[in-house]
Amino acid sequence: MVDNLDYFVKQFQNPYESTKAFCTFLKKNNLLSDNSDELVVDIGCGMGETLYYFANQFPYAKFIGVDLNADLVKKGKLIFHNEKITNVSLTENNLFFLTPELIRGHSGLISLATLSWMDQWKEALSKMCSLDSEWIAFSSLFFDGSINCEIKIQDYEAPSDSKPYTEYSYNIYSIPLIKKLLKENGYELINFEPFEIEKDISKPTHGRMGTYTVQTEHKKRLQLSGPLLMSWYFLAAKKIV
């Protein structure tokens with residue numbers, strides 16, 4: 001089952017600004033181009049909503065989307081089948097069970113809005129590096145100083161079977177720490193940049209987590225979700241040879 005199906009579905013017709021900006025980030029760092037014919041793997045692909053956009057932006061490339069939610073993968077496959085999009089395939093799998101053989105021939109690995117929601121983030125990043133990609137690019141919540149924040153959300157509007165709330169992570173990771181971990185795993189951080197949204201998003205009325213923007217006195221938009229400042233960054237790394 002999928003708790004927030006609308007979050008995934010609506011992005012097929014209206015891709016998020018962050019998806020478009022991430023695409024530009026890949027091009028700017030010469031990881032993908034309009035004529036790229038590489039195979040790229042997307043970790044935590046959901047229904048493949050990002051790859052739906054990428055399939056048109058990089059028509060000669062091929063993409064494999066990996067997600068452990070079987071229901072999301074099944075629904076995404078149906079959309080790609082109905083739309084006759086042939087350069088994207090989705091598979092149900094767990095990152096920690098992936099091997100280089102299962103994604104043989106790939107050159108790049110992407111992961112959007114996934115790492116901050118993982119409790120085993122160091123192990124997850126190390127596992128991504130072990131898949132032997134030529135390059136890795138991801139988006140998540142980061143801080144450009146040497147401070148790591150492990151944040152637990154307790155949503156009392158969504159009680160679980162054992163508690164009066166549902167608990168999940170909204171972690172913010174230190175970029176210097178990420179850089180060090182990447183280097184230990186054979187990768188060099190080549191670029192990082194904050195994502196600054198260019199449109200206003202109204203605050204949800206339900207009082208729960210959900211992205212919205214506020215403007216500073218200098219007209220800069222800040223993204224928030226519930227009580228948290230969403231410090232989105234894009235990072236790119238290449239394998240050290």
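Not measured: the values here are computed from a predicted model. All values below were derived from every heavy atom in this structure, side-chain atoms included, with hydrogens, water molecules and symmetry-related copies excluded.
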Got His106 and Ile64 here, is their nearest side-chain heavy-atom distance under 4.5 Å? no

Given 3.5 Å as the limit, does a donor-acceptor pair link the side chain of Lys220 with the main chain of Glu196, or not? no

When you check the gap from the basic side-chain N to the acidic O, do Glu184 and Lys180 get nearer than 4.0 Å? yes

Do Leu90 and Leu72 belong to the same hydrophobic cluster, where Ile, Leu, Val, Met, Phe, Trp and Tyr are linked whenever their side-chain heavy atoms lie under 4.5 Å apart, directly or via other members? yes

For a 4.5 angstrom cut-off between non-hydrogen side-chain atoms, does Trp117 reach Tyr170? yes

Partner of Arg221 by side-chain hydrogen bond (donor to acceptor under 3.5 Å, both in side chains), out of Thr216, Thr213, Asp200: Asp200

Ring centres under 6.0 Å, that's the criterion: do Trp121 and Tyr173 meet it? yes

Kindly indicate, with the supporting measurements, whether the criterion side-chain contact (heavy atoms from CB on, under 4.5 Å) is fulfilled by Lys179 and Tyr187. CA-CA 8 Å; Lys179 181 179 180 180; Tyr187 283 82; over 6 Å; no

Exactly one of Leu109, Val40, Ile103 should register a side chain to side chain contact (heavy atoms under 4.5 Å, CB included) with Ser133. Which one does? Leu109

Contact summary for Ile43 and Thr114, nearest pair of heavy atoms: O-OG1, 3.8 Å

Measuring from Phe96:CZ to Ser130:OG, what's the distance to the nearest 0.5 Å? 9.5 Å

CE of Met209 to CD1 of Ile153: how many Å apart, nearest 0.5 Å? 4.0 Å

Determine, step by step, whether Ser174 and Ser146 satisfy the side chain to side chain donor-acceptor pair (under 3.5 Å) criterion, reporting the C-alpha distance in whole Å, the side-chain angles of both residues, the deciding distance to 0.1 Å, and the verdict. CA-CA 5 Å; Ser174 160; Ser146 299; 4.7 Å; no

If you draw a 6.0 Å radius around CD in Glu198, do more than 12 non-hydrogen atoms from other residues or ligands fall strictly inside? no

Derivation and outcome, salt bridge (charged side-chain N to carboxylate O under 4.0 Å, His left out), residues Asp37 and Lys62: CA-CA 7 Å; Asp37 59 358; Lys62 294 184 178 180; over 6 Å; no

In one Ile/Leu/Val/Met/Phe/Trp/Tyr side-chain cluster, 4.5 Å: Leu182, Ile190: no

Please examine the side chains of Thr50 and Phe8, heavy atoms only from C-beta on, and report whether any two atoms are closer than 4.5 Å. no

I'd like to know if the side chain of Asp155 and the backbone of Thr166 have a donor-acceptor N/O pair within less than 3.5 Å. no

Does this structure show an ion pair linking Lys27 with Asp34, if we count only N-O contacts that are shorter than 4.0 Å? yes

Nearest atoms (heavy-atom pairs only) where Asn29 meets Phe25: ND2-O, 2.9 Å

Just by distance, with hydrogens left out, do Ser225 and Thr211 show a side-chain donor and acceptor under 3.5 Å apart? no

Which pair of heavy atoms, one from Cys45 and one from Asp67, lies closest together, and at what distance? N-OD2, 3.4 Å

With under 30° as parallel and over 60° as perpendicular, where do the rings of Phe58 and Phe63 fit, or are they tilted in between? tilted

Tell me whether Thr91 contacts the main-chain N or O of Val66 through its side chain, where contact means a donor paired with an acceptor under 3.5 Å. no

What distance separates Glu123 CD from Met118 CE, expressed to the nearest 0.5 Å? 9.0 Å

Close side-chain approach of Glu188 to Lys238, heavy-atom, < 4.5 Å: no

Is any side-chain heavy atom of Ser202 closer than 4.5 Å to a side-chain heavy atom of Tyr212? no

Inter-residue atom distance Glu49.CD - Lys10.NZ, 0.5 Å rounding: 11.5 Å

Answer yes or no: is there a donor N or O on one side and an acceptor on the other, between the side chain of Ser116 and the main chain of Asn171, under 3.5 Å? yes

Hey, is Lys28 close enough to Glu193 for a salt bridge, meaning N to O under 4.0 Å? yes

Quickly, which of Val41, Leu95, Thr99 forms a side chain to side chain contact (heavy atoms under 4.5 Å, CB included) with Leu131? Name it, please. Leu95

Pairwise side-chain contact, Val9 with Met47, heavy-atom cut-off 4.5 Å (strictly under): yes

A quick test of your reading: do over 12 heavy atoms of other residues, nucleotides or ligands sit less than 6.0 Å from NE2 of His81? no

Determine, stepwise, if the pair Ile175 / Tyr233 fulfils side-chain contact (heavy atoms from CB on, under 4.5 Å). CA-CA 9 Å; Ile175 291 177; Tyr233 275 81; 3.8 Å; yes

So, do Glu17 and Lys199 sit near enough that their side-chain heavy atoms are less than 4.5 Å apart? yes

First locate atom CD1 of Ile85, then atom OH of Tyr52, and finally report the distance between them rounded to the nearest 0.5 Å. 5.0 Å

Say whether, by atom type as modelled, one donor and one acceptor occur between the side chain of Asn185 and the main chain of Cys129 under 3.5 angstrom. no

On a heavy-atom basis, the closest approach of Trp232 and Gln223 is CD1-NE2, 3.6 Å

Is the number of heavy atoms from other residues, nucleotides or ligands under 6.0 Å of Tyr60 OH greater than 12? no

Val88, Val73: one ILVMFWY side-chain cluster at the under-4.5 Å cut-off? yes

Is it possible for you to say whether Leu177 and Phe138 belong to one hydrophobic cluster, with membership spreading through side-chain heavy-atom contacts below 4.5 Å? yes

Atom pair NZ (Lys75) and CZ (Phe80), whose distance is rounded to the nearest 0.5 Å: 15.0 Å

For Phe143 and Ile172, which heavy atoms make the closest approach, and how far apart are they? N-CG2, 3.9 Å

Checking the side chain of His206 only, and the main-chain atoms of Arg208 only, is there a donor and an acceptor separated by less than 3.5 Å? yes

Can Lys152 and Ser169 be counted as having a side-chain donor-acceptor contact under 3.5 angstrom? yes

How close do Ala236 and Leu189 get, heavy atom to heavy atom, and via which atoms? O-CD1, 3.3 Å

Answer whether the closest heavy-atom distance between the side chains of Gln57 and Leu32 falls below 4.5 Å. no

Could you walk me through whether Leu39 and Ser107 pass the side-chain contact (heavy atoms from CB on, under 4.5 Å) test, one step at a time? CA-CA 6 Å; Leu39 175 62; Ser107 56; 5.6 Å; no

Return the orientation label for the Phe22 and Phe54 ring planes: parallel under 30°, perpendicular over 60°, tilted otherwise. parallel

Mark yes or no for whether Thr19, through its side chain, and Pro15, through its backbone, hold a donor-acceptor pair below 3.5 Å. no

Membership question, hydrophobic clusters at under 4.5 Å side-chain separation (ILVMFWY): are Ile136 and Ile178 in the same one? yes

Would Glu157 and Tyr165 count as a side-chain contact (heavy atoms from CB on, under 4.5 Å) here? Give the steps. CA-CA 7 Å; Glu157 292 293 329; Tyr165 54 82; over 6 Å; no

